[in-house]
Amino acid sequence: MSTTDAPVSTRRERTGWYFYDWANSAFSTTVITVFLGPFLTTVTELAAGCELGADVCDGRVHPLGLSIAAGSYYPYLVSLSVFLTVFVLPVMGAVADRARRKKPLLAVTAFTGAAATIAMAFVTGDRYLLGGVLFLIANISGGASIVVYNSFLPRLAGPDDRDKVSSRGWAIGYLGGGLLLALNLVVVQSLSVDGDSQRTLDLARWCIVSAGVWWGLFTLLPLLWLQERPGEEAAATGGNVLTDGFRQLGKTIRGLRAYPLTLFFLLAYLVYNDGIQTVIALASQFGTEELHLEQATLIITILIVQFLAFGGALLLGAVATRIGARKTVLISLALWLGVVLAAFWIPEGRPVPFMILGAAIGLVLGGSQALSRSLFSQLIPAGKEGEYYGFYEISDKGTSWLGPLLFGLVFQLTSSYRLGIVSLVIFFVVGAILLALVPIRQAIVAAGNTPPKTL
């Protein structure tokens, strides 16, 4: 079976696939986008000797003997997680392609990430190192689970339907992540006490835990409804899946030279999506530390992003059916560039401009990510979906590398979050230029697939 002759999937099976986006989006939304940055930064500041609730903290921590500004710990941690995923995710993709049953892999990786998120309940006092280790486990496991999840896409929909199916998955994911965040908003608003920084910290921790519970519970639906669809690599193997996966990964890396256009698209995606994921991961830290906005303002803004991203993913998916996915993604990147530049001028302590900026992000966020995923699926040789999505996932779902590293370095040198944000312009400009240079139709044919009618 090739990706050009994907079998017809049932509505129940596609719904099961959509619901893993619903399940894991709670982690990217509630944990990474809203609570973990400010929460772990505060815990790190306590470890650095700063007072709880202090407006300014110049303290430093020393993990493994390194001297790190407390405000740079979380961005550096995000970069470290991506560095580690470089070794983990491609191997997971190769194993998924060789396995006759993918659902057990999805279960192990998803439940490991959910368990690490729930264990954040033990990150109290100044235990910033425990929080960092649990984040690394959760983020890497989550990325591995999405590699397996994405590898189902080419076998659920043909070339002309893939943009639509991918967009629906992202849209439902944003809806699920937004719903849990709305529930957390109610909890934070109801139980917060003005001036009680410790209570705010405790509430943030339990909101993080709730995302782990949500992630674990809703993972049961895709495990029940998805069908096993082993590819050509799985059908051909009869040995040990793990060792065969490592061998196949080596062959894939050597064979990438045969698909230079696919590799070129992947490079473009890794660049511009690094910028997108950095904005997502560090927006709440920017809002609290630079703009001095209340936690409730940040949650409301992220809710605006989530629910507008639901409609935005469907809207851009519809636009892609008319003008093609690549052109639609390029339009979204131009809008992202405007968002980053506008963020530099947002006044301190003014929630309305921050919310307007969030609305603009919501309109382009879901579509740019969903269409990139479906567009990449067209460029993957048949039977190697997991392996190629392993490389793709290195810069997806909040696991960026260069962006947080640049942000952290700029902050450490200038003590300015505004300059850190505006430094991300380079990712959108370079990524858009690289994407515009990819001859998509030629790349799809070179990978052995049939191009969709509209590109």
Side-chain angles (χ1 to χ4, degrees), residues 18-40 74 77-78 81-82 84-85 88-89 92 106-121 123 131-150 169-185 187 204-223 273 276-285 298-299 302-303 305-306 309-310 365-366 369 373 393-400 404:
Y18 298 151
F19 259 95
Y20 189 65
D21 241 326
W22 171 285
N24 76 78
S25 289
F27 178 77
S28 60
T29 303
T30 291
V31 178
I32 292 182
T33 307
V34 178
F35 288 105
L36 187 61
F39 171 76
L40 201 52
Y74 179 63
L77 198 63
V78 174
S81 75
V82 180
L84 296 176
T85 62
V88 175
L89 301 193
M92 175 55 67
L106 181 62
V108 169
T109 51
F111 290 144
T112 298
T117 307
I118 293 171
M120 286 284 185
V123 181
V133 170
L134 291 174
F135 167 71
L136 291 176
I137 294 172
N139 211 25
I140 295 171
S141 297
S145 73
I146 295 169
V147 169
V148 181
Y149 162 72
N150 282 342
W170 276 101
I172 289 174
Y174 279 116
L175 192 62
L179 179 59
L180 178 63
L181 190 58
L183 295 174
N184 283 325
L185 174 61
V187 171
R205 180 170 60 252
W206 289 111
C207 287
I208 291 170
V209 171
S210 74
V213 174
W214 179 284
W215 186 1
L217 286 178
F218 283 106
T219 295
L220 296 174
L221 294 179
L223 293 177
N273 195 57
I276 293 174
Q277 295 303 325
T278 304
V279 173
I280 294 172
L282 302 177
S284 59
Q285 187 177 7
L298 297 178
I299 297 176
I302 299 303
L303 282 175
V305 172
Q306 290 296 117
F310 169 75
L365 177 60
Q369 294 177 314
R373 176 172 66 181
E393 183 58 25
I394 288 172
S395 186
D396 202 11
K397 286 285 187 184
T399 53
S400 54

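Fair warning: this is a prediction, and the values are worked out from it, not measured in the lab.
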Task: From OG1 (Thr85) to CD1 (Ile140), nearest 0.5 Å - done: 6.5 Å

- [ ] Find the distance between OG (Ser210) and CZ (Phe35) and round it off to the nearest 0.5 Å.
- [x] 7.5 Å

Task: Between OG on residue Ser28 and CD on residue Gln277, distance to nearest 0.5 Å - done: 8.0 Å

Task: Shortest non-hydrogen contact between Gly131 and Leu40, atoms and distance - done: CA-CD1, 4.0 Å

Open item on the list: Within the 4.5 Å heavy-atom criterion, are Ile208 and Thr117 side-chain neighbours or not?
Closed with: yes

Task: Any side-chain heavy-atom pair of Tyr174 and Leu365 under 4.5 Å - done: yes

- [ ] Would you please test Leu220 and Phe111 for side-chain contact (heavy atoms from CB on, under 4.5 Å) and show each step?
- [x] CA-CA 10 Å; Leu220 296 174; Phe111 290 144; 3.9 Å; yes

- [ ] Please examine the side chains of Val147 and Thr109, heavy atoms only from C-beta on, and report whether any two atoms are closer than 4.5 Å.
- [x] no

Open item on the list: Distance check, rounded to the nearest 0.5 Å: Leu84 atom CG versus Ile137 atom CD1?
Closed with: 11.0 Å

- [ ] With the side chain counted from C-beta on, respond yes when Met120 and Leu36 share a heavy-atom pair under 4.5 Å apart, and no when they do not.
- [x] yes

TODO: Check Leu106 against Pro222 and note the closest heavy-atom contact, atom names and distance.
DONE: CD2-CB, 4.5 Å

Open item on the list: Taking the side chain as everything from C-beta on, heavy atoms only, tell me whether Val78 gets closer than 4.5 Å to Phe135.
Closed with: yes

TODO: With rounding to the nearest 0.5 Å, note down the distance linking CG in Asn139 to CD1 in Ile32.
DONE: 4.5 Å

TODO: State, to 0.1 Å, how close Ile172 and Trp22 come at their nearest heavy-atom pair, and which atoms those are.
DONE: O-CE3, 3.6 Å

TODO: Could you label the plane-to-plane angle of the Phe218 and Phe19 rings as parallel, tilted or perpendicular, counting under 30° as parallel and over 60° as perpendicular?
DONE: parallel

TODO: Looking only at non-hydrogen atoms, find the nearest pair between Gly113 and Ala138 and report the distance.
DONE: O-CB, 3.7 Å

TODO: For residues Val305 and Thr29, determine if any side-chain heavy atom of one lies less than 4.5 Å from a side-chain heavy atom of the other.
DONE: no

Open item on the list: Side chains of Tyr20 and Trp215: any donor to acceptor distance under 3.5 Å?
Closed with: yes

Open item on the list: Using side-chain contact (heavy atoms from CB on, under 4.5 Å), reason through Thr30 and Trp214 one step at a time and then give a plain yes or no.
Closed with: CA-CA 11 Å; Thr30 291; Trp214 179 284; over 6 Å; no

Task: Considering all heavy atoms, the nearest Leu223-Ala107 contact - done: CD1-CB, 3.7 Å

Task: Rounded distance (nearest 0.5 Å) linking atom CZ of Arg373 with atom CD1 of Ile146 - done: 9.0 Å

Open item on the list: To check you understand the geometry: which heavy-atom pair defines the closest contact between Leu185 and Leu303, and what is its length?
Closed with: CD2-CD1, 3.5 Å

